[in-house]
Amino acid sequence: MLFADIDILDENFVVCPHRWVGVCDGRIAYVGDKAPTSDEAASFGEVYDGAGKLLMPALYNAHAHAPMTLLRGYAENLPLQRWLEERCFPFEAKMTAEDCYWGTVLACAEMVRFGVVSFSDMYYASEGRSRAVLEAGMKANMCEGLVAFEEKPYAEYPICAQMEALVRDWHGAGDGRIRIDYNIHSEYLSTETVCRDILGIVRDTDLRLHIHLSETEKEVRECRERHGGLSPVAYFDSLGLFDVPATAAHCVWVDDADLDILAAHGVFVANNPASNMKLGSGFAPIPEMLRRNIPVCLGSDGMASNNSHNLFRDMYLQALIYKGATLDPTAVTPQQALASATRVGALSQGRDDCGVIAEGMRADLCVLDTMGPSWCPATDVVYNIVYAGDGADVVLTLCDGEVIYRDGAWPTIDVERAKAECAARAARIIAEL
């Protein structure tokens with residue numbers, strides 16, 4: 001595809017008008033301020049008219065629980081522990097592998113509608129979830145949820161063999177679109193032995209680690225009681241877990257010492273502003289993290305605590321709420337919010353060749369219609385993207401150069417069936433409860 005005479009968001013998060021971008025064999029092959037030669041243009045195929053449009057990197061959701069689309073609207077107005085114990089855990093106990101598959105299909109449809117091409121997913125039934133992602137033409141980092149209470153070797157847990165099979169059969173599947181991450185759910189749902197064993201598996205490989213970290217005040221307080229005053233960040237650091245590439249979701253209740261640890265190890269922090277507010281968990285200190293060069297990416301979390309996979313909303317919140325919380329209107333810039341949703345999210349997944357519009361990069365792209373009234377006047381288009389734009393403005397989504405959403409149509413997903421399946425399956429589970 002050749003995007004002709006279109007505005008683009010470049011690698012410096014500057015909007016450059018009237019550009020031509022050519023996509024070939026899944027990668028960006030041409031970026032220029034004039035049309036390519038006729039011979040070059042022929043190799044790109046379809047010419048896409050860029051009038052009134054903005055081409056930007058697609059979005060990367062750094063923390064999700066895709067099958068929880070089935071719980072949308074079910075677990076409401078509860079603090080985290082009651083939300084988990086009274087609503088989520090009982091519902092999830094009745095979910096089958098097919099439920100997880102269809103929940104993921106619907107999540108994929110929603111994400112690509114809003115310009116998301118890849119997500120880091122922590123849940124169960126990883127084979128079915130991975131199949132749904134490949135069928136949708138998307139990318140994902142999959143990890144199988146682990147809950148460990150017994151102080152025994154990781155090898156004695158059934159999930160150990162399951163993870164070995166996932167890495168063998170799925171890591172790198174779909175030309176690298178599926179990656180398998182190891183998972184430690186949290187300090188309070190793991191043991192020291194299991195953590196050390198998983199570290200031994202991940203170390204010196206191309207695998208990564210995905211965890212929940214310091215999400216609530218209660219979690220931090222109880223961790224300190226269990227581990228001689230150590231916070232969850234300090235506890236995991238004492239085990240060496242941050243010696244491997246890690247993405248830590250939430251990081252709401254962290255202090256200066258915790259931030260020093262995260263910065264020293266380059267831990268990716270997946271901020272989930274909508275979910276953290278909805279559950280009353282608090283606000284991660286994102287401005288201070290950015291000041292310390294901690295890589296901050298962006299996550300939706302699950303649909304029981306956010307209700308929407310529209311990552312543009314989360315980007316808007318990240319750019320806005322810290323201005324009010326810190327009484328500093330410069331706390332988080334639109335460029336920093338855009339980086340979190342795009343390039344940094346891709347890097348958190350180990351996708352070094354994704355997340356920017358530049359020659360040689362994978363063609364993970366989305367097109368926004370900028371002709372709506374909320375985009376006018378276009379005094380500064382970067383500010384419009386973050387503060388006036390929305391996922392609903394996305395009219396085209398490409399993953400590795402393939403169209404996966406266009407003008408209200410999903411060429412790779414039967415959306416009506418996915419909606420019907422998820423509605424029926426949610427109703428069945430709620431009736432059983």
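Heavy-atom basis, side chains included; hydrogens, waters and symmetry copies ignored.
A distance of 8.5 Å separates SG of Cys108 from CD1 of Ile404, quoted to the nearest 0.5 Å. Atoms OG and CG, on Ser305 and Leu78 in that order, are 12.0 Å from each other to the nearest 0.5 Å. To the nearest 0.5 Å, atom NE2 of residue His185 and atom CG of residue Leu146 are 9.5 Å apart. If you take CD1 on Ile286 and CE on Met289, they are separated by 4.5 Å, rounding to the nearest 0.5 Å.
With hydrogens and angles left out, the side-chain atoms of Glu215 and Ser186 include no donor and acceptor closer than 3.5 Å. In summary, the side chains of Thr330 and Asp328 do present a donor paired with an acceptor at a separation below 3.5 Å, with no hydrogens or angles considered. Under the 3.5 Å distance criterion, with hydrogens and angles disregarded, a donor-acceptor pair is assigned to the side chains of Asn61 and Ser300. There is no side-chain donor-acceptor pair under 3.5 Å between Glu421 and Tyr101.
Taking the centre of each ring, His65 and His63 come in below the 6.0 Å mark.
For Tyr405, the ring-ring contact (aromatic ring centres under 6.0 Å, His included) criterion is met by Trp410, not counting sequence neighbours. A search for ring-ring contact (aromatic ring centres under 6.0 Å, His included) contacts involving Tyr383 returns nothing, not counting sequence neighbours. Legend: residues meeting side-chain contact (heavy atoms from CB on, under 4.5 Å) with Ala423, ordered by chain and number and at least two apart, are absent. By the ring-ring contact (aromatic ring centres under 6.0 Å, His included) test, Tyr235 is found to be paired with His227, residues two or more places apart in sequence or in another chain being considered. Take Asn272 and apply the side-chain hydrogen bond (donor to acceptor under 3.5 Å, both in side chains) test, not counting sequence neighbours, and it matches no residue. Take Asp314 and apply the salt bridge (charged side-chain N to carboxylate O under 4.0 Å, His left out) test, not counting sequence neighbours, and it matches no residue. For Arg291, the side-chain contact (heavy atoms from CB on, under 4.5 Å) test picks out Glu288, with sequence neighbours left out. Residues meeting the side-chain hydrogen bond (donor to acceptor under 3.5 Å, both in side chains) test with Glu11, sequence neighbours left out: none. Take Phe242 and apply the ring-ring contact (aromatic ring centres under 6.0 Å, His included) test, not counting sequence neighbours, and it matches no residue.
The closest side-chain heavy-atom distance from Cys354 to Gln349 is not below 4.5 Å. Contact check for Phe268 versus Val344: side-chain heavy atoms found under the 4.5 Å cut-off. Looking at heavy atoms from C-beta onward, Asp99 lies in side-chain contact with Leu70 at the 4.5 angstrom threshold. Within the 4.5 Å cutoff, no side-chain heavy atoms of Val367 are placed close to those of Val394.
Within the structure, the salt bridge (Lys or Arg N to Asp or Glu O under 4.0 Å) test picks out the following pairs touching residues 25-45 (sequence neighbours left out): Arg27-Asp353. Sorted by first and then second residue, the salt bridge (Lys or Arg N to Asp or Glu O under 4.0 Å) pairs with a member in residues 54-75 read Arg72-Glu110; sequence neighbours excluded. Residue pairs meeting the ring-ring contact (aromatic ring centres under 6.0 Å, His included) criterion with at least one member in residues 298-342, sequence neighbours excluded, do not occur.
Heavy-atom neighbours of Trp102 CH2 from other residues, nucleotides or ligands within 6.0 Å: above the threshold of 12.
In this structure, the side chain of Thr412 engages the main chain of Ala136 through a donor-acceptor pair within 3.5 Å. Side-chain N or O atoms of Glu46 include none that pairs as donor or acceptor with a backbone N or O of Leu2 at under 3.5 Å.
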Legend entry - Step-by-step side-chain contact (heavy atoms from CB on, under 4.5 Å) determination, Phe13 to Val382: CA-CA 8 Å; Phe13 302 100; Val382 170; 5.7 Å; no
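Residue Glu98 is tested with Arg428, Arg131, Arg129 for a salt bridge (Lys or Arg N to Asp or Glu O under 4.0 Å); the sole match is Arg131.
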